[in-house]
Amino acid sequence: MIENGLRELLQRQHYKILGSHGGVKLCHWLKKSLKGEGVCYKELFYGIKSHRCLQFTPTVDHCNHRCVYCWRNTEYTNCAPMASFDEPEFLVSEAERMQKMLLTGFGGILGRIDERKWLEAHHPNQAAISLAGEPLYYPKMSGLLQEFHDRGYTTFLVSNGTRSDMIEGLDVLPTQFYISLDAPTHEIYKKVCRPLVDGWSGLKRSLELMGGMECRTVNRLTLVRDWNIMDAKGYADLISLAEPDFVEVKAFMLVGGSRNRLTLDNMPTHEEVREFSSELSDILGYKFGGEKVDSRVVLLRK
């Protein structure tokens, strides 16, 4: 069960809690899209629709990292195995119901938003399983992915890669699978990710497994100035274990709980992101695949 202090905090942050361990929240870019103010970089890069995306997690409080850049309030991090858990059908149904509740307020400003998009947003068809926590702590991930797929969703599953045992056990794959790479070495990993359980060996094993996955694959680097923008060769060596279809290189953004640990000085400029991406591209042989300047992200592709 989610601690009362965390539950109250999440509710103040406009999360809706699903059962005993899930959560959903309207994405910043969903709201931007409704207002005609732009779309998420994932719409530009991969073709999903920002206004029809369900930002969801089955593990709102479970993770084995307390990453220095994380938007969560990491003091509540729980890395214990789930002794009990809700069923996939319940979580998805509740997520859809809560998404509609969160969208209700926009009905009062229909003159200032795209009404067609608002109506479509009530029927999401893309699940971003990445809102908070480490989703692979949820024991029924294959069933959850299948439940989404049966309802016509595409699924983007984002993992820190430390639960290689869970990746090996996936019977159903997401549409797109991410593994986050936040450090080029074990030493930097310990400083940036601040693991409660050291997952470095699991991460390397997961990258090897990613190389054989029959779905679209991505490695995502979140760059934090003065912490992990270094050793492009070290990152490239890890990426080469996975040979992903894409590499996303993006800047840390000072939001949420990260404001208690970092400052604006730790946010790289887009030029810094582009420069580091170019170094990686030269080493890996990946091509420039696009960028979104206001999100400070660059896409590399095979």
Side-chain angles (χ1 to χ4, degrees), residues 27-29 32-33 37-48 50 53 55 65 67-72 128 130 156 158-161 176-185 187-189 191-194 203 207 210 216-259 261-302:
C27 175
H28 168 78
W29 287 106
K32 285 272 194 182
S33 181
E37 297 174 352
V39 296
C40 173
Y41 69 86
K42 290 190 283 292
E43 179 165 333
L44 298 180
F45 294 168
Y46 310 117
I48 65 98
S50 300
C53 186
Q55 187 178 228
H65 286 171
C67 296
V68 67
Y69 66 82
C70 186
W71 60 88
R72 295 183 303 112
S130 61
F156 284 21
V158 181
S159 172
N160 64 24
Q176 184 159 302
F177 182 56
Y178 285 79
I179 291 180
S180 298
L181 287 180
D182 300 316
T185 67
E187 181 181 1
I188 297 171
Y189 160 79
K191 291 178 180 178
V192 173
C193 298
R194 304 188 303 164
L203 170 60
L207 292 168
M210 176 179 259
R216 199 159 59 190
T217 54
V218 187
N219 284 155
R220 174 188 288 168
L221 283 62
T222 299
L223 303 183
V224 187
R225 187 190 291 143
D226 298 330
W227 286 79
N228 66 355
I229 310 179
M230 60 192 72
D231 191 6
K233 177 63 164 57
Y235 280 107
D237 288 344
L238 292 172
I239 293 167
S240 295
L241 294 175
E243 298 185 336
D245 298 303
F246 300 99
V247 178
E248 292 178 6
V249 187
K250 63 191 295 288
F252 151 72
M253 306 300 275
L254 189 70
V255 295
S258 70
R259 292 173 294 182
R261 302 173 225 115
L262 298 170
T263 71
L264 281 171
D265 290 338
N266 299 118
M267 279 179 54
T269 64
H270 186 70
E271 286 301 318
E272 288 175 278
V273 172
R274 186 184 286 157
E275 182 179 338
F276 198 75
S277 300
S278 179
E279 287 187 59
L280 280 174
S281 176
D282 289 342
I283 299 168
L284 290 167
Y286 279 51
K287 300 174 183 177
F288 175 80
E291 63 183 342
K292 193 165 190 293
V293 176
D294 56 354
S295 295
R296 305 190 194 189
V297 60
V298 170
L299 181 72
L300 303 177
R301 60 178 177 84
K302 275 187 172 180

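Remember, predicted model here, so these are calculated numbers, not experimental data. Just so you know, these numbers use all the heavy atoms, side chains as well, and skip hydrogens, waters and symmetry mates.
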Please give me the minimum heavy-atom distance between [X] and [Y], naming the atom from each residue.
{"X": "W227", "Y": "K191", "answer": "CZ3-O, 3.5 Å"}
{"X": "H270", "Y": "V298", "answer": "CE1-CG2, 3.8 Å"}
{"X": "N219", "Y": "L207", "answer": "ND2-CD2, 3.7 Å"}
{"X": "K42", "Y": "F156", "answer": "CD-CD2, 3.9 Å"}
{"X": "M210", "Y": "P244", "answer": "SD-CB, 4.3 Å"}
{"X": "W71", "Y": "S130", "answer": "CZ2-O, 3.9 Å"}

Practice problem: Please lay out, stage by stage, how L203 and L181 fare under the test side chain to side chain contact (heavy atoms under 4.5 Å, CB included). | Solution: CA-CA 9 Å; L203 170 60; L181 287 180; 4.2 Å; yes

Is it true that atom [atom1] of [X] has more than 12 heavy atoms of other residues, nucleotides or ligands lying nearer than 6.0 Å?
{"X": "E279", "atom1": "CD", "answer": "yes"}
{"X": "K233", "atom1": "NZ", "answer": "no"}
{"X": "E37", "atom1": "CD", "answer": "yes"}

Do side-chain atoms of [X] reach the backbone of [Y] as a donor and acceptor pair under 3.5 angstrom?
{"X": "S33", "Y": "W29", "value": "no"}
{"X": "E272", "Y": "T269", "value": "yes"}
{"X": "R296", "Y": "P268", "value": "yes"}
{"X": "R261", "Y": "C70", "value": "yes"}
{"X": "S281", "Y": "Y286", "value": "yes"}

Is there side-chain contact between [X] and [Y], with heavy atoms separated by less than 4.5 Å?
{"X": "C53", "Y": "E43", "result": "no"}
{"X": "I188", "Y": "M230", "result": "yes"}
{"X": "N266", "Y": "V68", "result": "no"}
{"X": "R225", "Y": "L223", "result": "no"}
{"X": "L254", "Y": "L262", "result": "yes"}
{"X": "V218", "Y": "F45", "result": "no"}
{"X": "L44", "Y": "L299", "result": "no"}

Practice problem: With rounding to the nearest 0.5 Å, note down the distance linking OG1 in T217 to NZ in K302. | Solution: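 Rounded to the nearest 0.5 Å, the OG1-NZ separation comes out at 6.5 Å.
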
Quiz item: Rounded to the nearest 0.5 Å, what separation is found between the CG atom of L300 and the CG atom of L280?
Solution: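 Atom-to-atom, L300:CG and L280:CG are 6.5 Å apart.
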
Quiz item: Any luck finding a side-chain donor-acceptor pair between Y69 and D182 under 3.5 Å?
Solution: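 A pair is found: one side chain offers a donor N or O, the other an acceptor, under 3.5 Å apart.
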
Practice problem: Would you confirm whether the ring centroid of F276 sits within less than 6.0 angstrom of the ring centroid of Y235? | Solution: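 Close enough - the centres of the two rings lie under 6.0 Å apart.
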
Quiz item: Stepwise, does the side chain to side chain contact (heavy atoms under 4.5 Å, CB included) test hold for V247 with L221?
Solution: CA-CA 8 Å; V247 178; L221 283 62; 4.0 Å; yes

